[in-house]
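Everything below concerns the one structure shown next.
Indexing begins at 1, ligand by ligand and atom by atom, following the structure's order. Heavy-atom basis, side chains included; hydrogens, waters and symmetry copies ignored.
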Amino acid sequence: MTVRILGAGVSGLSSAIALAGDGHEVELIDEHFAIPTVGTALGLFGPAQRVLERLGVLEEVRARSAAPRSGRLIGADGRHLATIPAGGGILVARSDLVQILTAALPETVHRSRRRVEDVRPLHQGADLLVGADGVHSLVRRSGWPGSEARRHRVTVLRGTTDDPPPEISETWGGGWLFGITPLVRGTNWFACVPEHRTGSREEDLAHLRAVVGGRREPIDAVLAAARPASTLVHGIHTAPPVLPVKDDVVLLGDAAHAMAPNLGHGANTALQDADALSAAIRSASSIDAALRAYAARRTVPGQAWRLGSEAMLHLAMMSSRSSLRDGAVGTLGAVAGRLSPVPDGQPARDRRAPGRDLS
Ligand SMILES: Cc1cc2nc3c(=O)[nH]c(=O)nc-3n(C[C@H](O)[C@H](O)[C@H](O)COP(=O)(O)OP(=O)(O)OC[C@H]3O[C@@H](n4cnc5c(N)ncnc54)[C@H](O)[C@@H]3O)c2cc1C
């Protein structure tokens, strides 16, 4: 079979490795084929790690990952609300993951560096067109009219520093959030604030410091070390729900279900999509049957993560009634028995996380 894949991000690279490994003729098209310059972290959980194992790259990814055991959720008033177990998740820099997947591409994969403006020629000579072209997917917009991504009025800033993380946490302020996680070397941080873009990363960072600074020491320490050159600034866009198959076209990853970053599942679902597509093609008797099997297996999980991540975005970014939210989250955690609120309700502000436990 001849497969043409548009997009060499996590989903396009992993499906190219799997499909070429099964003997299909694969053309992979991307306008950049670039390793990201800022290595912000992606969390990868069990199912995604098993996909990496099948692709033959898990050990390499693990060697470049941090494996925290848990992190803390902090409320708007600085109280420790809950301890979140990492559940075997690992944190790898997106740049490392893309580099490892790129290096694992079989030589038979024909790489084509170009920007595609019209998908119609991509059907010619191909049995299957794979849209792995991200949140603003041209393949989705061309085949699924009205499926343009929706912008949320939130600005995301992410970055890395060379220092070890002062703690592993996500702080939900009133109308903003700030997360601190480890990298194998250094710290990964991310923040969401109400939409505010200046066009200059230096000024965007200054705005972030003004919004979230002076509230918690660990956040101030990370922001003091943050530099514009190792900071990314972007908006949040999510795509409306679609059935990710149509005729000879299939959507993977963000093209199929672009989600908010809040549950950290964009890369996980992308890897699982790629794995499910190659498995469906391997076991079905026709492309039609394979695409039906892929849609049956991946539509609900992809849309569920999309909906869940949007709900989490709104919950984390609540600006009014955040004390009610924090009380409910702490109580829920205690009832579930998996999350453990600090019993005395003391501010977490000046606590230092026990490093061994958290990193
Ligand atoms: C710059 C960037 C930084 C990110 N950082 C994080 C992060 O820190 N943490 C996190 O959880 N998630 C992050 N994500 C999101 C996460 O990587 C994705 O959710 C997940 O990896 C799914 O990837 P994908 O392969 O479906 O899409 P993408 O990673 O967006 O890849 C799509 C690819 O398609 C190519 N493409 C698109 N349109 C065209 C066209 N018309 N012609 C040619 N090529 C085209 C793009 O160049 C790109 O390489 C980031 C995404 C991007 C793009």
CD (Glu310) and CG (Leu263) are apart, to the nearest 0.5 Å, by 10.5 Å
Between Asp326 and Arg79, is the closest basic N to carboxylate O distance under 4.0 Å? no
Salt bridge between Arg197 and Glu195, side-chain N to carboxylate O under 4.0 Å? no
Heavy atoms from other residues, nucleotides or ligands near CZ of Arg111 exceed 12 (cutoff 6.0 Å): yes
Answer yes or no: are there more than 12 heavy-atom neighbours, outside Met312 itself, under 6.0 Å from its atom CE? no
Expected contact list for ligand 1 at under 4.0 angstrom, heavy-atom basis, is Leu6, Gly7, Ala8, Gly9, Val10, Ser11, Asp30, Glu31, His32, Thr40, Ala41, Leu42, Arg94, Arg114, Arg115, Val116, Ala132, Asp133, Gly134, Arg158, Gly253, Asp254, Gly266, Ala267, Ala270
Would you say Trp305 and Gln272 make side-chain contact, with heavy atoms under 4.5 Å? no
